[in-house]
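Each remark here refers to the structure printed beneath this line.
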Amino acid sequence: MKRVPKSVFVIITVLIFCLAYFSIFGLKITTENKPPQEVASEQTSAETADSSQTQNQESSDSNLVTSTINGVPITYEAGQEDNININIASGATVIDNNDVAYADQNTTSSESTYTTTTYVKGIPDIRWGIDIKGGVEATFAPSEGIDATPAQMESVKSIIELRMVENNITDYELYVDENNDKVIVRFPWKEDETVFNPEESIEELAATAMLTFRPGASYESVITTDDGDYQMKTPTGDTAATVLLNGEDIKSATATISQDETTKKNVYQVSLEFTDEGAVKFEEATASLVGQQMSIWMDDIMISAPTVNEAISGGQAVITGDFTSTEASKLASKINAGALPFSLDVTNYGTISPTLGARALEAMGIAALIALALIWIFMIAKYRIPGLVASIALLGQVAITVACVSGFFPFMQSFTMTLPGIAGIILSIGMGADANIIMDERIKEEFRAGKTLDSAINAGSKNSFTAVFDGNITVIIVAIILMLVFGPSNILSALFGPSTTGTVYSFGYTLLIGVIANFIMGIAASRYMLKSISGFKCLRNKSLYGGAK
């Protein structure tokens with residue numbers, strides 16, 4: 001048998017403990033955010049102190065233009081006043097969202113704000129289900145004077161459900177009362193909720209948001225968001241008076257990725273597809289606004305303000321800019337959420353108490369740690385070094401599962417954790433322990449057959465693989481079926497009821513992720529670690545692996 005280098009055990013162990021640490025605690029960094037007035041003041045002071053150098057560079061910087069808005073100097077490149085440009089590319093409209101500095105017309109404070117940026121998500125970033133943490137119940141109804149049809153109410157339900165899924169809220173209940181034109185929604189609190197204000201939580205859904213396309217880009221004021229970004233608020237003048245298109249004219253909005261032909265870097269963007277009627281309206285609107293701006297609003301917040309270069313046909317558009325994957329997904333979610341046939345009002349809301357009690361989550365966490373510790377003690381006492389390797393592999397399996405739930409990996413969104421979801425994790429941990437026990441028992445059998453240490457480990461690993469693989473693959477099939485049957489928006493979840501969808505789907509998801517993590521840790525990593533650790537001279541005694549002394 002070709003031995004695995006001894007360093008493999010050390011490397012895998014260090015990686016597992018690092019993953020476990022960050023998947024539990026995450027990584028957050030708080031940075032200072034200064035308002036535009038303060039930033040502009042600092043830039044002006046710097047330019048004054050370095051005036052001689054600036055004069056020498058005037059010829060190279062002649063394309064820069066400086067304007068003053070309410071006493072605040074704003075510098076930008078000539079021709080970039082409009083912030084966003086529309087061009088034709090590959091048959092679709094490209095809306096290029098460039099960075100620009102905005103002056104808050106109503107803000108005079110120079111106080112800095114502090115923004116906490118999450119770079120790695122951990123357990124604190126997990127959204128807990130209604131059964132664990134409780135949640136919010138809200139009733140939505142059409143704005144006053146609107147008599148909605150059953151088809152429109154079903155459309156509203158579909159859009160709110162889409163907004164739930166795109167916010168990774170899988171534990172929810174959604175009902176439509178067609179007789180009274182009402183939509184009743186129940187969903188869990190946000191993962192970082194501390195105030196437990198149902199009114200603020202309802203805003204997360206953007207269920208009342210109305211998407212509109214308007215001429216021009218005049219606005220009344222600028223607000224600062226919790227993330228330190230600046231948003232233009234409340235349209236004025238002709239921008240407020242005229243609506244060119246609304247959310248009903250958008251068929252879909254999807255976050256996509258492409259490659260910049262110049263830099264060869266990945267670029268995140270949002271693809272828009274208009275309805276047939278919307279495509280006609282969009283072409284007519286762009287034809288009438290050539291050389292002018294056309295702004296996109298979500299309620300009274302402007303999310304984009306392109307300058308139209310020419311009339312656009314085809315019914316498709318692509319919004320590009322300095323987006324991250326999260327920002328592109330959020331923008332697509334906002335646009336989809338704004339595709340309501342009419343505005344909605346919240347007629348009633350309240351809180352939902354957790355079915356398990358206030359301290360249930362803490363108790364479950366303590367129980368999980370105790371159970372994992374007892375498993376480690378049993379494995380090490382029973383199987384010695386193979387038990388130690390199995391314990392480290394189990395830690396890695398738990399870390400991967402938690403990481404997939406919390407959104408630790410950039411390619412996987414966060415997930416709503418419910419009690420059945422925790423049961424899925426526990427079951428997968430049991431299967432992980434079982435996979436290692438089967439291998440360790442086979443190694444013992446090889447020792448009894450008289451084989452050497454290396455031969456016994458190699459044969460035991462090889463002979464146990466089929467039994468472990470068959471057991472895990474059948475569970476994966478069951479987990480996938482559960483997710484397909486009880487996942488969002490399918491015929492069987494409609495038959496069984498919305499309250500069943502989130503809980504069973506959560507169980508299937510965590511069970512699937514846990515078993516896949518078992519393939520990585522319990523089947524692959526533990527075997528390499530065991531073959532690697534057996535290379536240490538002081539650990540070559542058969543009795544340390546279950547053999548006779």
Problem - Ring centres under 6.0 angstrom apart (Phe519, Phe469) - result: yes

Exercise for the section: Indicate, with yes or no, if the rings of Tyr21 and Phe25 have centres closer together than 6.0 Å. Expected result: yes

If you measure from [atom1] on [X] to [atom2] on [Y], what distance do you get to the nearest 0.5 Å?
X      : Y      : atom1 : atom2 : result
Asp434 : Ser428 : CG    : OG    : 12.5 Å
Phe22  : Ile123 : CZ    : CD1   : 14.0 Å
Met521 : Gln397 : CE    : CD    : 9.0 Å
Ile392 : Met529 : CD1   : CE    : 4.0 Å
Ile513 : Ile425 : CD1   : CD1   : 10.0 Å

Does the side chain of [X] reach to within under 4.5 Å of the side chain of [Y], using non-hydrogen atoms?
X      : Y      : result
Ser391 : Ile375 : no
Thr139 : Val183 : no
Val468 : Met439 : no
Thr351 : Trp189 : yes

Side chain of [X], backbone of [Y]: donor and acceptor closer than 3.5 Å?
X      : Y      : result
Asn458 : Asp454 : no
Arg127 : Met417 : no
Ser455 : Lys451 : no
Arg442 : Asn463 : yes
Ser532 : Tyr528 : no
Asp131 : Leu419 : yes
Asn541 : Ser543 : yes
Arg540 : Ser534 : yes

Exercise for the section: Give a yes or no on whether a salt bridge exists between Asp440 and Arg384, defined as a side-chain N under 4.0 angstrom from a carboxylate O. Expected result: no

Exercise for the section: Quickly, which of Val475, Ile480, Ile426, Ile516 forms a side chain to side chain contact (heavy atoms under 4.5 Å, CB included) with Leu511? Name it, please. Expected result: Val475

Completion exercise
The side chain to side chain contact (heavy atoms under 4.5 Å, CB included) partner of Pro188 among Val136, Ile130, Ile352, Thr418 is Ile130

Practice task
For side-chain hydrogen bond (donor to acceptor under 3.5 Å, both in side chains), just list the numbers for Thr256 and Ser271, CA-CA rounded to whole Å, side-chain angles, deciding distance to a tenth of an Å, and then say yes or no.
Solution key: CA-CA 7 Å; Thr256 58; Ser271 298; 3.2 Å; yes

Exercise for the section: Check whether more than 12 heavy atoms from other residues, nucleotides or ligands sit under 6.0 Å from atom CG of Asp276, and answer yes or no. Expected result: no

Handout entry: For the student: nearest non-hydrogen atoms of Tyr545 and Ile443, plus distance
Key = O-CG2, 4.2 Å

Fill in the blank from the handout: Of all heavy-atom pairs linking Thr416 and Trp128, the shortest is CG2-C, 4.2 Å

Practice task
Could you check Met379 against Asn436 for side-chain contact (heavy atoms from CB on, under 4.5 Å), going step by step and ending with a plain yes or no?
Solution key: CA-CA 9 Å; Met379 294 294 292; Asn436 283 278; 4.1 Å; yes

Practice task
Decide side-chain contact (heavy atoms from CB on, under 4.5 Å) for Phe9 and Leu530; before the verdict, give the C-alpha distance in whole Å, the side-chain angles of both, and the deciding distance to 0.1 Å.
Solution key: CA-CA 8 Å; Phe9 172 78; Leu530 190 58; over 6 Å; no

Practice task
For Glu441, check salt bridge (Lys or Arg N to Asp or Glu O under 4.0 Å) against everything at least two apart and list the hits.
Solution key: none

Handout entry: Any residue meeting ring-ring contact (aromatic ring centres under 6.0 Å, His included) with Tyr349, in chain and number order, not counting sequence neighbours
Key = none

